[in-house]
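By convention in this document, chain letters (A, B, ...) are assigned in the order of the sequence lines, proteins followed by strands, and residues within each chain are numbered from 1.
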Protein chains: 2
Amino acid sequence: MVMDGTHATKQRLLDVGMALLLEHGYHGLGVQALLDAAQVPKGSFYHHFRDKEDFALQVVDEYMRNVHHGLDQCLNDTARPPLARVRRFFELTEENYRREGYLGCLLGGLGQELSGVNGTFRARIAECFTVISERTATCLEEARVRGDIPSDADPREMACLLVDCWEGAALRSRLRGDAEPLTSMLDFYFAASGARRQ
Amino acid sequence: MVMDGTHATKQRLLDVGMALLLEHGYHGLGVQALLDAAQVPKGSFYHHFRDKEDFALQVVDEYMRNVHHGLDQCLNDTARPPLARVRRFFELTEENYRREGYLGCLLGGLGQELSGVNGTFRARIAECFTVISERTATCLEEARVRGDIPSDADPREMACLLVDCWEGAALRSRLRGDAEPLTSMLDFYFAASGARRQ
DNA sequence: GTGGCACTAGACCGATCGGTCTATTCCAGT
DNA sequence: ACTGGAATAGACCGATCGGTCTAGTGCCAC
C-alpha cells in the first residue's frame, strides 16, 4: 500500500474515533475499545499513530477538514448576503449535531477536558477556534462594508463572540439532547448584531 | 465525631477535589492522586463516599452551594437596579475564575466530559444550569416590569441564553487563559438585551 | 521468483485504575 | 474503665490502562 493519505484502516480509525471521542471523551475512550469498535488490531493502530495523543490530534485535524468544507460551502456562496451565509454555516453545523444525537462539538469537548492539563491540545484547539472565527470575520466584514451591520462594528470581535456563544449553546444542547439552545442562540445573535436586512 | 456535615477530612476531600476536578476532569483525576493531594488515606475516602462518582456528585453539590451563595449576595442586593445585579453576579464569577487561573466552570467541564455517557451526571448538571437560569430569570423579570428591558421580552429565555453563552465564553477563557472572552460576552449581552438605563 | 517493506495480528508488559478488606485509632456514652 | 461505632490507615485485589514486541501476511519492485 502507498502513502496516499487515504489508507482504509487508518481512515476507519479516524472516523470511528471521531464518533467515540465525541461520545466518551479522551480519557473515557480506551484504545482497546476503539480497536474493538473499528475492528482493527492493536498493531495497526500503533503503526499508523505514534500514540493515543497523536491519534486524537489527527482526529481533530480530520474534524477541522470537515469544518473547513462546511465553511467553503457556506461562506463562499455569493448568491446570498454575507450574514445569511454565516447563519447558514451554523445551521448546517446544527444539522450535523442532530445527526449525531446532539452530542455537541468535538472541539468543545476535548478542549474542556484536556486544556487544563495538556498544553498541546490546549493550543491546538484554541487555534481551531481562532481559524473558524477568522473565516467568519471576513464574511462579517463583507456584511459591514455592505451596511448590513453597523459600520463601527468590529467583525473579528463579533465573530469571536459568535463562536464562543455557539460553543456554550452546543454544551447546553448536549446536556438537553435537543437543538433548542442552538437555534435560540442564533436568533438572539443575529437579531442583536444589528442586521438591517435579513 | 458527629455527623454535623462539616467533618474536616470529608470537607478537605471536597475542596481539594473541586480544584483537581476542574483542572484534570473526571477521568483524568485518579482516586489515588486525589488522596495524595489531600493527604487522606484511601479508607477515609470510601468511608465518606460510596464511590468516585458519588464523590464527584457531592463536589458538584458543594460547587452549587458556592454558586447559590454568590446569587444570594448579588441578586438580592436591592440597592442596585436588577440588570446591574445580574451583571454583578457574572463579574463576581469571573473574579473567581481569575483566582483559579481561568480554568473555566466546573459544571461546564464535567458536563462536557460526562454527559455523553453518564445519565446521572447529565441530568444533575443540566438541573444546575436550569436552577441558575431560573434565579437569573426572576431578576430579569424584575427588570422587565421596571422597563429596563423590552416589555415583550421573555426573561426565562433571556436567562437561558445568558447562561449558555457564559459557558461558551468560559470555555474560550480556559483555552486562552485570560478573561477577555468573559468580559466581551457580558458587554455584548447587556448592550444587546435592550437595556434602557446603565 | 524473490527480497524487502508496509501493514496486520495479537500476545504480552508494567503501571495504574477504582474498589475491597482488615487492622487500628480515637472518642463519646455509660 | 470499658465498649461500640466512627474514622483512619494502607495493604491488597482483579481489571484495564497505554504501549511494546515479535511473528506473520500480502504486495510491489526488480
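Nearest to the side chain of Asp51(A), among dG19(C), dG19(D), dG10(C), sits dG19(D). Side-chain proximity of Lys42(B) to dG19(D), dG10(D), dT8(C): nearest is dG10(D). Closest contact between the side chain of His47(B) and the listed nucleotides dA7(D), dG18(C), dG10(D) involves dA7(D).
Rounded to whole Å, atom C1' of dT20(C) lies 16 Å from atom CZ of Arg50(B). Atom-to-atom, CZ of Arg12(A) to P of dC7(C) comes out at 14 Å; the value is rounded to the nearest Å. Between His7(A) atom NE2 and dC5(C) atom P the separation is 17 Å, expressed in whole Å. dA11(C) atom P lies 16 Å from atom OH of Tyr46(A), rounded to whole Å. As rounded to whole Å, 13 Å separates atom P of dC17(C) from atom CZ of Phe45(B).
Taken to the nearest 0.5 Å, the CG atom of Leu140(A) stands 7.0 Å off from the CG atom of Leu162(A).
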Quiz item: Step by step, would you call Gln73(B) with Asp77(B) a side chain to side chain donor-acceptor pair (under 3.5 Å)?
Solution: CA-CA 7 Å; Gln73(B) 197 174 320; Asp77(B) 176 14; over 6 Å; no
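Residue-to-nucleotide contacts include no donor-acceptor pair under 3.5 Å from the side chain of Lys52(B) to the base of dG19(C).
Within a 6.0 Å sphere centred on CZ of Arg12(B), other residues, nucleotides and ligands contribute more than 12 heavy atoms. For CZ of Arg135(B), the number of neighbouring non-hydrogen atoms (other residues, nucleotides, ligands) closer than 6.0 Å is greater than 12.
Residues from residues 23-40 of chain B lying near DNA chain C, meaning a heavy-atom separation below 4.0 Å, are Leu29(B), Gly30(B), Val31(B) in numerical order.
An OP1 or OP2 oxygen of dT8(C) is reached within less than 4.0 angstrom by a side-chain nitrogen or oxygen of Thr9(A).
Scored by the salt bridge (Lys or Arg N to Asp or Glu O under 4.0 Å) test, Asp187(B) finds Arg87(B) as partners (sequence neighbours excluded).
Counting only distance, with no hydrogens or angles, the side chain of Arg122(B) and the backbone of Leu175(A) share a donor-acceptor pair below 3.5 Å.
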